[in-house]
Amino acid sequence: MKKVLIVYYSLANGNTYQIARRLQQVVGGDLVRIETVHPYTGSYDDIVAQGQREVDEGYCPEITLSSLSLTDYDVIALGTPTWWYTMAPAMRSFLVQHDFQGKTVIPFSTNGGWSGHVNQDMAKLAKGAASRCPLAVTFDVAGTGTIEQSTPALTEWLRQVRNLVTDSAL
Ligand SMILES: Cc1cc2nc3c(=O)[nH]c(=O)nc-3n(C[C@H](O)[C@H](O)[C@H](O)COP(=O)(O)O)c2cc1C
């Protein structure tokens, strides 16, 4: 059985938290949330606009978990909302600050219908890691926390990740 860490960023413990929690219920492991040291403020539209500026600049905000040690973990699931077709800046900060050499990462993301290249971008930034079982989940745009669809289906993804975690050959 591999040691699992689930790291996620989610505005106000929203959609991405929902997936991270489901994953922990199935595979166990430690669940930790990245937070920005300076919280986003203003309206949702303000945050969308600030997010665009930050993504365009490749900005890495100051975050909690900067000094979290990954040494003891074999599999690290990385969850982020999609911000402007890629990861939220807080996840970018986490990825550039840590060493993923020899780890297996599982990138997962949530979105409102346009997932872009978020999972590929996370896999690329987790330098030295093998990337497995990516998942993108589309939530309704009204913000009710309802899942519209996911690729692959969420239950199938949970099964795949559980197999990966319990398979001693990997
Ligand atoms: C700054 C910002 C940028 C976003 N950009 C996208 C996007 O490019 N594509 C998309 O489908 N949804 C986009 N969304 C919607 C979120 O990805 C979606 O609501 C996500 O599930 C939110 O997850 P959370 O509740 O865990 O924060 C954006 C939201 C914000 C706040």
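The first residue of the sequence shown is numbered 1, and numbering continues consecutively from there. Atoms within each ligand, like the ligands themselves, are counted from 1 in listed order.
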Is there a nitrogen or oxygen of [X] sitting under 3.5 Å from a nitrogen or oxygen of ligand 1?
X	value
Leu11	yes
Gly113	yes
Tyr17	no
Asn15	yes

Tell me, which protein residue and heavy-atom name are nearest [atom], and how many Å apart are they?
atom	answer
atom 8 (O) of ligand 1	Tyr85 N, 2.9 Å
atom 26 (O) of ligand 1	Ser10 OG, 2.5 Å
atom 22 (C) of ligand 1	Pro81 CB, 3.7 Å
atom 12 (N) of ligand 1	Gly112 N, 3.2 Å

Which of the atoms of ligand 1 are close to [X], meaning less than 4.0 Å from one of its heavy atoms?
X	value
Thr16	23 (O), 24 (P), 26 (O)
Ile47	1 (C)
Gly14	25 (O), 26 (O)
Thr110	17 (O), 20 (C), 21 (O), 22 (C), 23 (O)
Trp84	3 (C), 4 (C), 5 (N), 6 (C), 7 (C), 8 (O)

What's the shortest heavy-atom distance between [X] and [Y], and which atoms?
X	Y	result
His98	Leu68	NE2-O, 3.0 Å
Phe108	Ala77	CE2-CB, 3.9 Å
Ile47	Gly42	CD1-O, 4.2 Å
Arg159	Glu156	NH2-OE2, 2.8 Å

Subject >> Any residue meeting side chain to side chain contact (heavy atoms under 4.5 Å, CB included) with Ser67, in chain and number order, not counting sequence neighbours >> reply: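 By the side chain to side chain contact (heavy atoms under 4.5 Å, CB included) rule, Ser67 matches no residue at all.
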
Original post:
Heavy atoms only: which of Val48, Val55, Thr82 is nearest to atom 4 (C) of ligand 1?
Top reply: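 Ranked by closest heavy atom to atom 4 (C) of ligand 1, first place is Thr82.
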
**OP:** Give the single entry among Phe139, Trp114, Trp83 that approaches atom 10 (C) of ligand 1 most closely by any heavy atom.
**Re:**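 Among Phe139, Trp114, Trp83, the closest heavy atom to atom 10 (C) of ligand 1 comes from Trp114.
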
Original post:
Out of curiosity, is Tyr44 lining ligand 1, as in a heavy atom under 4.0 Å away?
Top reply: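 Tyr44 counts as a contact of ligand 1 under the 4.0 Å cut-off.
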
Subject >> Donor on one side chain, acceptor on other, Thr82 and Ser115, under 3.5 Å >> reply: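 Their side chains do not contain a donor-acceptor pair, so the 3.5 Å distance test is not met.
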
Subject >> Atom CZ of Arg22: over 12 foreign heavy atoms under 6.0 Å >> reply: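 Count not over threshold, so no.
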
**OP:** May I have all residue pairs that pass side chain to side chain donor-acceptor pair (under 3.5 Å) and include part of residues 43-54, sequence neighbours excluded?
**Re:**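 Passing the test, one end in residues 43-54: Tyr40-Glu54, Ser43-Asp46, Gln50-Glu54.
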
Subject >> Distance, nearest 0.5 Å, that separates CD1 of Ile147 from CG of Asn15 >> reply: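 Here the rounded value is 8.0 Å.
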
**OP:** If the plane angle is over 60° it's perpendicular, under 30° parallel, otherwise tilted; pick one for Phe100 and Phe94.
**Re:**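 If you compare the ring of Phe100 with that of Phe94, the planes turn out perpendicular.
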
